[in-house]
Participant: 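Can you read through this structure? Questions will come right after.
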There are 2 protein chains.
Amino acid sequence: MAYIKLKDIAKKANVSINTVSRALNNKSDIGDDTKIRIRRIADEMGYILNASASRLRSKENRMIGVIITHIDNAFYARILQGINDAISEKEYTMLALSSGENLEKEKSLLKTLVSNRVAGTIIVPSQDMINSLDYDNIGVPHITIVRKGNKNTRSYFISDSFQSGIKAAEYFIQQGCSHSAYIGFNLPVSCNRDRVNGFIKGLRDAEVILKENRIIHCDATPQAAYNAATEFLKNDKQIDSLFVYNDSMALGVIRAAHDLKIRIPEDIRILGHDDVAESRYYIPSLSTIRVPKYRLGYDSASELMALINDNKAPEKYVSYLPELIIRES
Amino acid sequence: MAYIKLKDIAKKANVSINTVSRALNNKSDIGDDTKIRIRRIADEMGYILNASASRLRSKENRMIGVIITHIDNAFYARILQGINDAISEKEYTMLALSSGENLEKEKSLLKTLVSNRVAGTIIVPSQDMINSLDYDNIGVPHITIVRKGNKNTRSYFISDSFQSGIKAAEYFIQQGCSHSAYIGFNLPVSCNRDRVNGFIKGLRDAEVILKENRIIHCDATPQAAYNAATEFLKNDKQIDSLFVYNDSMALGVIRAAHDLKIRIPEDIRILGHDDVAESRYYIPSLSTIRVPKYRLGYDSASELMALINDNKAPEKYVSYLPELIIRES
DNA sequence: GGACCAGGATCTGACGTCTTA
DNA sequence: GTAAGACGTCAGATCCTGGTC
């Protein structure tokens with residue numbers, strides 16, 4: 001099946017191709033009557049713009065690329081929502097891809113985006129502590145989110161993970177806990193490192209030492225966290241507080257404690273991170289550290305829009321302050 | 001900044017533009033030595049194909065469009081994963097958009113996809129019981145998933161929701177429950193309707209009548225389900241079993257029962273739907289009806305690939321049999 | 001009557017790649 | 001291996017037409 005093109009409309013309307021183009025693009029210097037007439041004809045014929053041709057000629061592409069690490073992750077899903085809302089307002093479309101935390105894959109996705117000449121990109125750099133991709137070199141405005149990245153980036157939007165760690169520590173101390181542990185993500189990402197470091201610092205400020213063997217790392221799934229926590233809690237009976245990398249893992253940890261007949265919060269306090277929508281419905285409902293996910297997505301996309309429209313927009317580094325949410329755990 | 005183009009490479013390599021194109025596309029009738037030389041030069045110069053130009057000329061587009069209703073939904077996220085894996089093998093990319101269950105939005109997204117001349121589309125039709133979009137008319141191979149859709153579609157891949165209802169009923173009956181209720185999704189979608197009907201049928205086969213006022217509908221969020229369930233359980237003390245539209249809503253329902261001091265499963269059994277990854281970690285872990293989400297995504301995408309490569313591929317209607325997963329709830 | 005003008009439409013060519021000869 | 005042209009759209013320049021001073 002062949003698509004209708006400007007030429008077909010031009011023939012039917014008895015005008016030049018260019019006139020049709022101007023009419024459909026709402027350009028000036030075209031009579032209202034002809035414009036309306038042409039638009040009606042185009043509609044009737046079921047015309048749908050060939051975006052490739054349009055982009056090739058005009059060099060304009062109202063599409064941005066987004067690379068996250070995992071689609072099936074409530075945290076990123078919420079960020080995507082924010083991004084999407086911000087760009088929809090300006091009639092942009094989002095091409096979202098996921099790297100699976102794989103550097104090679106991320107590189108190839110980036111190539112796909114540039115190949116499509118997207119107007120800009122928003123990237124969660126996979127394994128950012130060892131990621132040496134040079135985003136500055138891709139020739140497209142870009143913003144890094146969630147993680148800082150290794151290379152200098154034009155702008156980034158992150159949640160202050162060091163502060164998360166501090167707040168977690170302060171909370172545990174305040175609750176009278178003296179034997180804390182951390183279950184984190186086993187890949188070299190700055191947000192995990194910062195969270196650990198903040199946690200250590202916060203505890204030390206209260207003269208509590210977080211021992212090496214109370215810092216555990218595993219995959220960022222409830223399954224892995226369940227296994228890790230089970231193993232750990234079986235061996236270390238003193239533990240009275242656990243800070244977990246994210247809510248999804250915390251769910252696994254809660255379940256592990258439950259299965260070991262360890263009471264929450266009487267025997268052990270559990271603190272998650274991110275404040276995913278479901279966490280308030282868990283039993284016990286999950287105390288956590290809230291990250292403004294939607295806002296982070298929305299703001300970063302807005303900034304990207306600014307970068308796109310004004311290539312000289314200043315660099316912008318935004319770090320949101322996370323918020324402690326105390327619930328039942 | 002200007003991108004490198006074939007012309008630039010041709011100049012540097014002292015060959016014609018066409019030769020460069022053939023070299024990069026791995027065409028025959030080009031010497032191995034020149035091919036390698038050209039590819040090296042292209043690499044050094046940092047050449048990245050202009051996909052728009054390529055598509056315009058070749059009419060080939062290794063991109064498929066996917067329209068789901070909500071990105072921030074574990075069920076769809078898992079399906080997307082399946083789709084993505086299936087098409088990645090063939091080096092296709094997925095442009096995933098979400099309609100928010102809004103018909104107008106879906107229409108406009110469809111237009112975006114066609115405008116980009118995607119090779120094919122996979123669609124979750126929003127509100128399919130009143131959706132009159134004519135997918136056959138978009139001039140692109142398409143497959144409907146999750147919901148049947150109103151219009152005749154070339155192919156669809158769904159989970160048999162009627163059977164889900166039947167199985168839910170059989171399970172409750174077998175457990176000796178005699179006062180069941182259903183909490184569903186308040187939009188006109190076939191999977192909800194079929195689930196209710198199957199549930200009614202299954203109960204009736206055991207001579208149990210599901211009364212009208214024990215069928216409730218609300219938004220598909222834990223929040224809405226929590227509210228609806230709280231209200232409902234407060235008034236109808238006889239209820240001993242609740243079938244819920246999906247796991248995410250079931251989480252809200254579990255919490256509602258918990259807050260009302262209704263014991264699960266002693267006082268009431270709760271059965272979810274979908275078997276989302278988290279549900280086995282809930283407390284109590286959620287009994288549910290498993291839908292082969294990943295497989296549904298993978299298979300439908302594979303079929304789409306077949307449709308794309310052979311426009312005469314036969315219509316295919318696949319309906320997966322859901323599986324009852326009994327856990328603690 | 002000629003010069004000037006503005007709005008409205010047309011003509012030509014180019015975007016970067018790939019197909020055909 | 002080359003050369004020429006086409007894919008569909010749009011930017012830029014050009015050309016009308018009729019009205020004014």
Side-chain angles (χ1 to χ4, degrees), chain A residues 1-39 41-42 45-63 111-112 114-119 139-140, chain B residues 1-39 41-42 45-63 111-112 114-119 139-140:
Chain A
M1 121 145 208
Y3 290 99
I4 302 293
K5 47 190 156 184
L6 293 185
K7 198 175 171 185
D8 303 323
I9 302 173
K11 201 175 294 173
K12 194 154 204 166
N14 250 315
V15 290
S16 75
I17 293 178
N18 197 351
T19 304
V20 177
S21 173
R22 308 182 80 80
L24 297 181
N25 286 315
N26 238 328
K27 295 276 171 155
S28 54
D29 60 9
I30 183 160
D32 275 355
D33 38 355
T34 16
K35 185 196 287 183
I36 292 173
R37 191 171 63 91
I38 291 176
R39 296 185 143 229
I41 295 179
M45 297 179 79
Y47 172 76
I48 294 184
L49 173 80
N50 183 322
S52 292
S54 171
R55 291 203 274 260
L56 173 60
R57 177 62 239 222
S58 71
K59 307 247 181 222
E60 201 192 301
N61 187 354
R62 299 182 85 79
M63 192 176 275
K111 201 162 174 179
T112 302
V114 178
S115 179
N116 280 285
R117 304 292 192 261
V118 293
V140 170
Chain B
M1 123 146 206
Y3 290 100
I4 304 293
K5 48 191 155 188
L6 294 185
K7 198 175 172 183
D8 302 324
I9 303 173
K11 201 176 291 174
K12 194 157 204 163
N14 248 317
V15 290
S16 75
I17 294 178
N18 191 13
T19 305
V20 178
S21 174
R22 308 183 76 80
L24 297 181
N25 286 315
N26 239 327
K27 295 276 171 154
S28 55
D29 60 10
I30 184 165
D32 273 356
D33 40 352
T34 19
K35 186 196 286 183
I36 292 171
R37 190 171 63 91
I38 291 175
R39 294 183 145 233
I41 295 178
M45 297 178 79
Y47 171 75
I48 294 184
L49 173 78
N50 182 323
S52 292
S54 172
R55 290 204 273 261
L56 173 60
R57 181 61 245 219
S58 72
K59 308 248 180 218
E60 203 192 299
N61 187 353
R62 299 182 84 79
M63 190 176 276
K111 199 162 174 178
T112 303
V114 177
S115 179
N116 280 284
R117 304 292 191 260
V118 293
V140 171

Participant: Residues two or more places apart in sequence or in another chain: which of them pass side-chain contact (heavy atoms from CB on, under 4.5 Å) with B:I38?
Facilitator: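 In terms of side-chain contact (heavy atoms from CB on, under 4.5 Å), with neighbours along the sequence ignored, B:I38 is linked to B:I9, B:A13, B:V15, B:T19, B:V20, B:A23.
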Participant: Can you sort out the partners of A:R37 under side-chain hydrogen bond (donor to acceptor under 3.5 Å, both in side chains), two or more places apart, ordered by chain and number?
Facilitator: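 Residues passing side-chain hydrogen bond (donor to acceptor under 3.5 Å, both in side chains) with A:R37: none at all.
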Participant: Scan residues 12-24 of chain A for pairs that pass salt bridge (charged side-chain N to carboxylate O under 4.0 Å, His left out), counting only residues two or more places apart or in two chains.
Facilitator: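 Every pair satisfying salt bridge (charged side-chain N to carboxylate O under 4.0 Å, His left out) with a residue in residues 12-24 of chain A: A:R22-A:D29.
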Participant: I'd like to check the side-chain hydrogen bond (donor to acceptor under 3.5 Å, both in side chains) partners of B:K5; sequence neighbours left out, ordered by chain and number.
Facilitator: none
Participant: Check whether A:N61 reaches the backbone of A:M63 with its side chain - one donor and one acceptor, N or O, closer than 3.5 Å.
Facilitator: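 Judged by distance alone, yes, a pair lies under 3.5 Å.
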Participant: How would you list, by chain and number, every residue that makes a side-chain hydrogen bond (donor to acceptor under 3.5 Å, both in side chains) with A:N116, sequence neighbours excluded?
Facilitator: B:R55
Participant: A:I30 CD1 to D:dC10 P: how many Å, rounded?
Facilitator: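 Between P of D:dC10 and CD1 of A:I30: 13 Å.
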Participant: List for me each residue that meets side-chain contact (heavy atoms from CB on, under 4.5 Å) alongside A:R117, sequence neighbours excluded, and say none if there are none.
Facilitator: A:V114, B:Y3, B:I48, B:N50
Participant: Taking side-chain contact (heavy atoms from CB on, under 4.5 Å) as the definition, give me every residue that meets it alongside A:K11, ordered by chain and number, with sequence neighbours left out.
Facilitator: none
Participant: Who pairs with B:D33 by side-chain hydrogen bond (donor to acceptor under 3.5 Å, both in side chains), at least two apart in sequence or on another chain?
Facilitator: none
Participant: Any N/O pairs under 3.5 Å between the protein and nucleotides 17-20 of chain D? List them or say none.
Facilitator:
none

Participant: Please encode protein proximity along nucleotides 11-21 of chain C as a string of B, S and -, counting only heavy-atom distances under 4.0 Å.
Facilitator: B-BBBBBBBB-
Participant: Please enumerate all residues that pass side-chain contact (heavy atoms from CB on, under 4.5 Å) together with B:D32, with sequence neighbours excluded.
Facilitator: B:K35
Participant: Per the end-axis method with five pairs at each terminus, what is the bend angle of the helix from C:dG2-D:dC21 to C:dA21-D:dT2, to 10°?
Facilitator: 60°
